[in-house]
Each structure stands twice: as structure tokens, then as C-alpha cells.
Amino acid sequence: MKYSKYFGAITRDKGGLNLSTAQSQRLMNIVFVEGSINGLNKAKQTYKDINQFYRYDTIIFKENKRLTDLTGNLPPDKLLKEMHRVDKD
């Protein structure tokens, strides 16, 4: 949840992020996907020590790919700078 925590801290400390609609939607998608991954990992832990432990791995993999597509694996600070740069182009 590194992106969600970073964006939350920036918003708390500095107020709104002043992004375009497209970049705001991207940010919300990132937060949503991170939350989904977190929830899937918690659900997976309920199957610890039994045969079904790996049942969520394919879904988690797909969600991680979605997150990578949204973020380009950039660190949160560089991603936010890139989002602001895209707004100006």
C-alpha cells in the first residue's frame, strides 16, 4: 500500500493534489487496486497451512500487473511528479 500511504500523507500535509480528471482517476485506480491486493493477501492468509493457500495467487498476480500498468513501477514521489508532468503536456 505504498502508493496509497504516500498519496494519503501528501494530501493530509499539503491538501488536494490538483490533478486533471484523467490523472485523478488514475490515482483513484491505483488506490483501489492496492486495496484489492491487500484484501486478497489477507484472504489468502486465512488458508495458511492448508492446501488452498495458493488459490488467490493468479488473481493477485493479475492485480499486481494492473498496478504496474498504472504506475510503471515508479516510486510514489516520482509517480506523482510524472502525473503532474503529464497534466502539463
Side-chain angles (χ1 to χ4, degrees):
M1 301 272 301
K2 67 181 181 180
Y3 296 102
S4 300
K5 288 180 182 179
Y6 180 79
F7 294 146
I10 292 294
T11 302
R12 182 185 62 242
D13 295 343
K14 298 183 180 184
L17 296 176
N18 197 21
L19 296 169
S20 69
T21 302
Q23 293 305 310
S24 294
Q25 289 172 337
R26 180 180 175 195
L27 182 134
M28 295 307 293
N29 285 333
I30 291 167
V31 170
F32 175 78
V33 171
E34 274 194 320
S36 295
I37 293 168
N38 189 45
L40 288 165
N41 280 320
K42 285 183 179 180
K44 179 180 175 175
Q45 291 306 313
T46 64
Y47 293 102
K48 194 169 154 182
D49 300 327
I50 62 173
N51 201 20
Q52 294 181 330
F53 181 69
Y54 302 102
R55 72 185 297 174
Y56 292 105
D57 285 354
T58 303
I59 301 167
I60 292 169
F61 178 82
K62 288 178 183 176
E63 291 297 295
N64 277 316
K65 183 178 178 340
R66 282 180 59 197
L67 184 61
T68 298
D69 291 344
L70 288 166
T71 65
N73 275 340
L74 291 172
D77 59 331
K78 290 185 179 180
L79 177 64
L80 187 57
K81 287 177 185 173
E82 187 262 342
M83 292 170 89
H84 282 289
R85 185 188 55 75
V86 168
D87 278 349
K88 291 180 179 163
D89 290 345

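Within 6.0 Å of atom CG in N18, 12 or fewer heavy atoms from other residues, nucleotides or ligands are found, so the atom counts as exposed in its surroundings. Around the CE atom of M1, the shell of radius 6.0 Å holds more than 12 heavy atoms that belong to other residues, nucleotides or ligands. Environment of CG in D13: crowded, with over 12 heavy atoms of neighbouring residues, nucleotides or ligands closer than 6.0 Å. No more than 12 heavy-atom neighbours from other residues, nucleotides or ligands sit within 6.0 angstrom of CZ on F61.
Atom OG1 in T46 sits 11.0 Å away from atom CG in N41 (nearest 0.5 Å). Here the CZ atom belonging to F32 is positioned 11.5 Å from the CG atom belonging to L70, to the nearest 0.5 angstrom. To the nearest 0.5 angstrom, L17 atom CG is 6.0 Å from L27 atom CG. Distance CG/L80 to OH/Y3: 11.5 Å, rounded to 0.5 Å. Interatomic distance, CZ of F7 versus CE of M83, reported as 5.0 Å (0.5 Å rounding). For the atom pair N29 CG and L67 CG, the distance stands at 10.5 Å (nearest 0.5 Å).
Listed by chain and residue number, L19 satisfy the side chain to side chain contact (heavy atoms under 4.5 Å, CB included) test with S24 (two or more places apart in sequence, or in another chain). The side chain to side chain contact (heavy atoms under 4.5 Å, CB included) test applied to N73 returns T68, T71, not counting sequence neighbours. With sequence neighbours left out, Y47 forms a side chain to side chain donor-acceptor pair (under 3.5 Å) with R55.
A 4.5 Å side-chain heavy-atom check between Y6 and I10 finds at least one atom pair inside the cut-off. Using a 4.5 Å heavy-atom threshold, the side chains of M28 and Q25 count as separate.
Listed for the E34 side chain is a donor-acceptor partner under 3.5 Å among the backbone atoms of K2.
Counting all heavy atoms, side chain and backbone alike, L79 lies closest to R26 at CD1-NH2, 3.2 Å. R66 and V33 make their closest contact through NH2-CG2, 3.5 Å (heavy atoms, listed as atom of the first residue, atom of the second, distance).
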Could you go through the salt bridge (charged side-chain N to carboxylate O under 4.0 Å, His left out) check for K65 and D69 one step at a time?
CA-CA 6 Å; K65 183 178 178 340; D69 291 344; 3.3 Å; yes
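Cation-pi geometry between K44 and Y54 is not satisfied (NZ or CZ under 6.0 Å from the ring centre, within 45° of the ring normal).
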